[in-house]
Participant: 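Below you will find the structure I want to go over with you.
Numbering starts at 1 and runs along the sequence shown. Atom set for the values below is all heavy atoms of this structure, side chains included, hydrogens, waters and symmetry mates excluded.
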Amino acid sequence: MSTLKDRLTADMRSALKARDELTTSTLRMALAAVGTAEVAGKAKRELTDDEVLAVLTKEAKKRREAATAFADAGRAEQAAKESAEGEVLDRYLPKQLSDAELAELVSGALAAGGFTGKAQMGPAMKAAQAAVAGQAEGGRVASEVRRQLAL
């Protein structure tokens, strides 16, 4: 079992004992998503920490999008709940890069690969994502790559 999954399980048990309903339900949901990812495919397998992190990132993104949708629909109570769940998941994610740090990493990746135009957007994104290594959302990385390639 991966250490991140162990940490999620231990934290969920602690929250359960402390009767922290928000943290308990959020971590149960996260562990269920990890379990679903483990059984996806032909055979059940243990996920690595990086794969568990990818699942948590996906779940956190779902919470942010749901909070925005609920807020736009005028459902503040639901939006607050989704935001709170996102904050619980953020505890397990790496610190996100600032805009300046992201711009610096992307420009370094583009310079190293010699990417210059719109036709090279795909390979440029691949290089930029590798440089960022999960410390920024894909949408932020894509917009920065587009900006630097002047698209």
Participant: Does the side chain of Glu38 reach to within under 4.5 Å of the side chain of Lys5, using non-hydrogen atoms?
Facilitator: yes

Participant: Using a 3.5 Å cut-off and no angle test, enumerate the donor-acceptor pairs between side-chain atoms of residues 81-90 and protein atoms at least two apart in sequence or in another chain.
Facilitator:
unit_1: Lys81; atom_1: NZ; unit_2: Glu85; atom_2: OE2; d: 2.9
unit_1: Ser83; atom_1: OG; unit_2: Ala79; atom_2: O; d: 3.0
unit_1: Glu85; atom_1: OE1; unit_2: Arg63; atom_2: NE; d: 3.0

Participant: Can a donor-acceptor pair be found between the side chains of Thr23 and Asp11 at a distance below 3.5 Å?
Facilitator: no

Participant: Mind checking side chain to side chain contact (heavy atoms under 4.5 Å, CB included) for Arg45 and listing every partner two or more places apart, or none if nothing turns up?
Facilitator: Leu47, Glu51

Participant: Return the set of residues passing salt bridge (Lys or Arg N to Asp or Glu O under 4.0 Å) with Lys58 (not counting sequence neighbours), or none when no residue passes.
Facilitator: none

Participant: Got a donor-acceptor contact below 3.5 angstrom from the Glu59 side chain to the Ala30 backbone?
Facilitator: no

Participant: Would you say Leu31 ends up clustered with Leu22 if hydrophobic residues are merged whenever their side chains have heavy atoms under 4.5 Å apart, either directly or through other cluster members?
Facilitator: yes

Participant: Using a 3.5 Å distance criterion without hydrogens, assess whether the side chain of Arg140 forms a donor-acceptor pair with backbone atoms of Leu97.
Facilitator: yes

Participant: Are Leu27 and Leu16 linked, directly or through other ILVMFWY residues, by side chains that come within less than 4.5 angstrom of each other?
Facilitator: no

Participant: Please list, chain by chain and in numerical order, all residues satisfying salt bridge (Lys or Arg N to Asp or Glu O under 4.0 Å) with Glu101, sequence neighbours excluded.
Facilitator: none

Participant: With sequence neighbours excluded, what pairs up with Ala130 under the side chain to side chain contact (heavy atoms under 4.5 Å, CB included) test?
Facilitator: none

Participant: Show me the donor-acceptor pairs, under 3.5 Å and distance only, between side chains in residues 71-78 and residues at least two apart or in other chains.
Facilitator:
none

Participant: Answer yes when Arg147 and Glu144 have at least one side-chain N-carboxylate O distance shorter than 4.0 Å, and no when they do not.
Facilitator: yes

Participant: Where is the tightest heavy-atom contact between Ala131 and Leu105, given as atom of each residue plus distance?
Facilitator: O-CD1, 4.0 Å

